[in-house]
Engineer: 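I am attaching a structure below and will ask some questions about it afterwards.
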Amino acid sequence: MGRFRFHRLFLVALLVVLGGVTTWAQDLVRAPRQDGRQTPLRVYAREGQGCEPVALISPGAGGSEDGYKYLAKGMRDDGWRAIVLGHKESGGAALWSDMREAGGIKSGLQQLVNDPKAYDARLMDIAAALKWAESSCKAPFVALLGHSMGARTVMVEAGSKNTLGVKGLDRFDAYVALSPDGPGPMFPENAWSGIRKPVLMLTGTRDQSLDGDWRTRTIPYDSLPTGCKWLGVIDGATHMNFAGVGFSGSTEKLTLLETKAFLDGLRGGKCGAPVAAEGIIVKSK
């Protein structure tokens, strides 16, 4: 038995050397930011695969680089170098501080997600991540994905108007917003009308927002100009299901299904078609 195990391990090692087996890395790195601080990055990559397209993932308020594993691993397995960002100025400690100051969970969340300084810091984190990724190779395609406050960050970067005076630089080839927010304290009516790049938006029928029910999350799609814009609604998906929390298996599966279809078509040079699947309705324009 010992000899068999040795031979099996030797064969696996040999296949790795010859390129017959893909190995995976999941590393924590820290990228210097323009203000001198460090941005933590959790990197999911296949080793020895050349210069793969990059997918940056921006967490929601209170999140960290250690979250969204299902999304990062799914993108990695689809041939992307997935990088989950840590946003310290809007991470767990910042949220807890705002909750204590504001006297409650909802009021603390509202204070954090409408703080312009938090978005300034997030945009610096994105710049640091892009610079770090480009230090090894120039990716053929770059996408920005985000959930909740991360989806707000995605929309700001893509060029949405906002009341906070924060301006993104539109540095990506495509955008994915999970649980985007509609008009409210941060976004005025038709804030998304100037976004020209491809956008996928996903929400769920139990994805409550701070400013209304899940239907408010579909409003940005109506404001977007035509040209590879998708909106998907997952039946029964809650807000935290998109973060991989709770009974999230179906939401994770459908999120990855549509995200891969959307981004894989674009990196191949065309806007593909949404995938028809049970439990989700997707429209496009």
Side-chain angles (χ1 to χ4, degrees), residues 11-29 40-60 63-86 129-130 132-134 136-147 150-151 154 172-178 198 200 202 230 232 234 237 240-280 282:
L11 179 60
V12 171
L14 180 61
L15 287 172
V16 170
V17 171
L18 295 178
V21 172
T22 300
T23 59
W24 292 268
Q26 181 183 322
D27 300 322
L28 177 64
V29 300
L41 309 173
R42 182 69 68 180
V43 182
Y44 297 76
R46 305 185 303 172
E47 296 180 350
Q49 297 299 305
C51 194
E52 295 184 307
V54 169
L56 298 189
I57 301 171
S58 177
S64 77
E65 68 278 6
D66 294 321
Y68 301 89
K69 288 184 173 65
Y70 84 91
L71 187 57
K73 289 179 178 179
M75 296 305 295
R76 176 200 64 191
D77 295 346
D78 194 45
W80 295 74
R81 182 161 47 147
I83 303 173
V84 185
L85 291 82
L130 285 173
W132 178 87
E134 291 173 357
S136 57
C137 69
K138 178 69 173 177
F141 194 97
V142 288
L144 180 62
L145 296 70
H147 172 238
V154 166
F172 295 84
D173 298 302
Y175 298 94
V176 177
L178 309 179
L200 164 63
L202 291 175
W230 295 13
I234 299 176
M240 294 309 295
N241 286 164
F242 287 102
V245 177
F247 296 102
S248 59
S250 177
T251 301
E252 293 176 16
K253 179 181 178 181
L254 292 171
T255 296
L256 282 169
L257 180 71
E258 300 299 341
T259 300
K260 289 176 182 179
F262 178 72
L263 292 177
D264 286 348
L266 289 168
R267 71 172 179 170
K270 63 179 181 180
C271 184
V275 180
E278 185 177 354
I280 186 170
V282 187

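Just the heavy atoms: all of them, side chains too, but no hydrogens, waters or symmetry mates, feed the values below.
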Engineer: Please enumerate all residues that pass side-chain hydrogen bond (donor to acceptor under 3.5 Å, both in side chains) together with Thr251, with sequence neighbours excluded.
Structural biologist: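 So Thr251 forms no side-chain hydrogen bond (donor to acceptor under 3.5 Å, both in side chains) with any residue.
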Engineer: Could you tell me whether a side-chain N or O of Tyr70 sits under 3.5 Å from a main-chain N or O of Ala243, the two making a donor and an acceptor?
Structural biologist: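 Not a single qualifying donor-acceptor pair exists.
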Engineer: For Asp66, enumerate each residue passing the salt bridge (Lys or Arg N to Asp or Glu O under 4.0 Å) test, keeping only those at least two apart in sequence or located in another chain.
Structural biologist: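 Checked Asp66 against salt bridge (Lys or Arg N to Asp or Glu O under 4.0 Å); matches are Arg42.
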Engineer: Nearest 0.5 Å, please: how far is CZ in Arg46 from CG in Asp77?
Structural biologist: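 Between atom CG of Asp77 and atom CZ of Arg46 there are 8.0 Å.
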Engineer: Taking all non-hydrogen atoms of both residues into account, name the closest pair between Gly79 and Pro53 and its distance.
Structural biologist: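 Heavy-atom minimum between the residues: O-CD, 3.4 Å.
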Engineer: With sequence neighbours left out, write down each residue that passes side chain to side chain contact (heavy atoms under 4.5 Å, CB included) with Ala277, or none if nothing qualifies.
Structural biologist: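 Partners of Ala277 under the side chain to side chain contact (heavy atoms under 4.5 Å, CB included) test: Leu254, Leu257, Ile280.
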Engineer: With sequence neighbours excluded, what pairs up with Phe262 under the ring-ring contact (aromatic ring centres under 6.0 Å, His included) test?
Structural biologist: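 ring-ring contact (aromatic ring centres under 6.0 Å, His included) list for Phe262, sorted by chain: Trp230.
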Engineer: Evaluate side-chain contact (heavy atoms from CB on, under 4.5 Å) for Val154 paired with Phe172, printing each intermediate quantity in order.
Structural biologist: CA-CA 10 Å; Val154 166; Phe172 295 84; over 6 Å; no
Engineer: Minimum heavy-atom separation for Pro59 and Val84, please, with both atom names.
Structural biologist: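 Residues Pro59 and Val84, closest heavy atoms: CG-CG1, 4.2 Å.
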Engineer: Once you round to the nearest 0.5 Å, how far does CG of Leu85 lie from CG of Leu41?
Structural biologist: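 These two atoms lie 5.5 Å from each other.
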Engineer: Holding to ring-ring contact (aromatic ring centres under 6.0 Å, His included), I want the full list of residues that pass it with Phe141, two or more places apart in sequence or in another chain.
Structural biologist: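 ring-ring contact (aromatic ring centres under 6.0 Å, His included) list for Phe141, sorted by chain: Trp80.
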Engineer: When rounded to the nearest 0.5 angstrom, what is the spacing between NZ in Lys253 and CD1 in Ile234?
Structural biologist: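 With rounding to 0.5 Å, NZ (Lys253) is 12.0 Å from CD1 (Ile234).
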Engineer: Rounded to the nearest 0.5 Å, how far apart are CG of Leu56 and CG of Leu130?
Structural biologist: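 Leu56 CG to Leu130 CG: 5.0 Å, rounded to 0.5 Å.
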Engineer: Which pair of non-hydrogen atoms, one from Cys51 and one from Pro140, has the smallest distance, and what is that distance?
Structural biologist: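 Nearest heavy atoms, Cys51 then Pro140: O-CD, 3.5 Å.
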Engineer: To the nearest 0.5 Å, tell me how far Ile83 CD1 sits from Met75 CE.
Structural biologist: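 Here the rounded value is 12.0 Å.
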Engineer: Can you run down the side-chain hydrogen bond (donor to acceptor under 3.5 Å, both in side chains) pairs that involve residues 267-278, sequence neighbours left out, and say none if there aren't any?
Structural biologist: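 Non-adjacent pairs meeting side-chain hydrogen bond (donor to acceptor under 3.5 Å, both in side chains): Asp264-Arg267.
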Engineer: Work out which heavy atom in Pro40 is nearest to a heavy atom in Leu28; give both atom names and the distance.
Structural biologist: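 Reported closest heavy-atom pair: CB-CD1, 4.3 Å.
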Engineer: Check for a donor-acceptor pair, side chain of Asp173 on one end and backbone N or O of Val142 on the other, with a separation under 3.5 Å.
Structural biologist: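 Yes: the side chain of Asp173 pairs with the backbone of Val142.
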Engineer: Measure across Cys271 and Leu266 and return the closest heavy-atom pair with its distance rounded to 0.1 Å.
Structural biologist: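 Answer, listing the atom of Cys271 first, then Leu266: CA-CD2, 4.2 Å.
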Engineer: First locate atom OH of Tyr175, then atom CG of Leu145, and finally report the distance between them rounded to the nearest 0.5 Å.
Structural biologist: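 So the OH of Tyr175 and the CG of Leu145 are separated by 11.5 Å.
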Engineer: What's the shortest heavy-atom distance between Ser136 and Arg81, and which atoms?
Structural biologist: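 Where Ser136 meets Arg81 most closely, the heavy atoms are OG-NH1, 3.2 Å.
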Engineer: Just wondering, do Leu71 and Leu178 contact through their side chains at under 4.5 Å, heavy atoms?
Structural biologist: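 The answer is yes; the side chains approach within 4.5 Å.
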Engineer: Which residue pairs pass the side-chain hydrogen bond (donor to acceptor under 3.5 Å, both in side chains) test when at least one of the two sits in residues 240-249, sequence neighbours left out?
Structural biologist: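 Qualifying pairs: Thr238-Asn241, Ser248-Glu252.
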Engineer: Listed by chain and number, what are the salt bridge (Lys or Arg N to Asp or Glu O under 4.0 Å) partners of Glu258, not counting sequence neighbours?
Structural biologist: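 Salt bridge (Lys or Arg N to Asp or Glu O under 4.0 Å) check on Glu258 returns nothing, list empty.
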